[in-house]
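Presented below is the structure to which this report refers.
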Amino acid sequence: MSGDLIVPDAAQGIVVFVHGSGSSRLSPRNRYVAGVLNQAGLGTLLFDLLTPEEEADRANVFDIGLLADRLLRRTGWVREKEEAAGLPIGYFGASTGAAAALWAAAEPDNAIAAIVSRGGRPDLAGARLAAVRAPTLLIVGGRDPVVVGLNKEAQRRLRAESRMTIVPGATHLFEEPGALDAVAEHARDWFATHFAAPRKFAAQYPLGPKIS
């Protein structure tokens with residue numbers, strides 16, 4: 001499946017984007033966020049989770065296990081790339097892609113440094129949430145009440161470090177002026193912080209949820 005890997009000189013880490021339902025590696029919102037991360041010295045990978053034929057079956061779009069498996073395979077591919085050798089890896093998931101990112105990060109042999117969810121459905125990761133070890137930032141729009149509630153409930157099930165950030169006035173797609181800028185800035189800061197201070201994932205202690 002197609003993908004676009006960008007690794008700036010002296011990159012601090014690689015962020016793998018996991019798009020949501022009805023989207024692809026060409027998502028203008030994800031590509032905008034990726035550009036902000038690249039400018040901050042972070043590498044990015046945007047790739048297609050499904051083939052065009054698979055996307056025609058809507059059941060595949062919501063098959064979180066399938067999406068997570070594709071993400072795990074592509075994560076392994078990134079780790080084998082010479083330009084990414086030894087760099088920490090993070091996930092940026094949107095909508096159902098956030099659930100796939102958390103599902104994949106819960107795998108015991110998949111050391112992920114940080115996760116950011118944008119307007120995500122982390123609740124769809126189900127029981128796997130408790131096994132996630134990576135620090136997780138949940139970004140939701142203030143005018144997206146259903147998703148805000150789902151994220152709050154999912155955060156209660158996370159045992160790893162987590163933070164929930166609500167972007168005032170933003171709806172589900174963060175189309176309002178300045179909303180996507182806020183997402184990109186929060187994501188940049190979260191990844192930069194956690195890439196700079198790698199954690200021993202198996203030894204993390206649970207931290208209480210924090211909302212800002």
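These numbers come from a predicted model, not from an experiment. For reference, positions follow the sequence shown, starting with 1.
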>> For a side chain to side chain contact (heavy atoms under 4.5 Å, CB included) check, start with the C-alpha distance between W77 and L5, then their side-chain angles and the critical distance, and finish with the verdict.
In response: CA-CA 11 Å; W77 175 84; L5 176 65; 4.2 Å; yes

Out of curiosity, [X] [atom1] to [Y] [atom2], how far, rounded to the nearest 0.5 Å?
X    : Y    : atom1 : atom2 : result
L45  : I14  : CG    : CD1   : 8.5 Å
R70  : D48  : CZ    : CG    : 11.0 Å
I89  : F195 : CD1   : CZ    : 8.0 Å
L137 : I115 : CG    : CD1   : 10.5 Å
R74  : L49  : CZ    : CG    : 9.0 Å
L46  : F92  : CG    : CZ    : 9.5 Å

Please report the closest heavy-atom contact between [X] and [Y], naming both atoms and the distance.
X    : Y    : result
Q155 : S162 : NE2-OG, 3.1 Å
W103 : A125 : CE3-O, 4.1 Å
A184 : L37  : O-CD2, 4.4 Å
G41  : P8   : C-CG, 4.2 Å
G120 : V147 : O-CG1, 3.5 Å
V18  : A101 : CG2-CB, 4.2 Å

> Please walk me through it: do E176 and T171 pass side chain to side chain contact (heavy atoms under 4.5 Å, CB included)?
Replying inline: CA-CA 7 Å; E176 295 72 23; T171 52; 2.5 Å; yes

Would you say [X]'s side chain and [Y]'s backbone share a donor-acceptor pair under 3.5 angstrom?
X    : Y    : result
R133 : E107 : yes
T44  : L42  : no
Q12  : A196 : no

I want to check something: taking the side chain as every heavy atom from C-beta on, are [X] and [Y] in contact at a cut-off of under 4.5 Å?
X    : Y    : answer
V16  : I112 : no
R128 : I64  : no
N30  : R118 : yes

> How about H194 and W190: are their ring centres within less than 6.0 Å of each other?
Replying inline: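 That pair passes the under 6.0 Å test.
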
> Which of these passes side-chain contact (heavy atoms from CB on, under 4.5 Å) with L71: T75, D69, L67?
Replying inline: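 It is T75; the other options fail the test.
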
> side chain to side chain contact (heavy atoms under 4.5 Å, CB included) between Y91 and N110: does it pass, once the steps are laid out?
Replying inline: CA-CA 12 Å; Y91 290 154; N110 186 26; 3.1 Å; yes

> Are V132 and L150 connected in the hydrophobic side-chain network, where two residues link if heavy atoms are under 4.5 Å apart?
Replying inline: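 No, it is not one cluster - the side chains of V132 and L150 are not joined through contacts under 4.5 Å.
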
> Does I6 belong to the same Ile/Leu/Val/Met/Phe/Trp/Tyr cluster as F191, with side-chain heavy atoms less than 4.5 Å apart forming each link?
Replying inline: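 Different clusters.
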
> Who else is in L173's hydrophobic cluster (ILVMFWY, side-chain heavy atoms under 4.5 Å, direct or via others)?
Replying inline: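 Same cluster as L173: nobody, lone residue.
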
> Is there a side chain to side chain contact (heavy atoms under 4.5 Å, CB included) between L87 and K81 once you walk through the steps?
Replying inline: CA-CA 10 Å; L87 292 177; K81 300 294 288 183; over 6 Å; no

>> Under the criterion salt bridge (Lys or Arg N to Asp or Glu O under 4.0 Å), I'd like the reasoning laid out for E153 against R156: C-alpha separation, chi angles, the key distance, then a yes or no.
In response: CA-CA 5 Å; E153 179 57 33; R156 294 188 186 99; 3.1 Å; yes

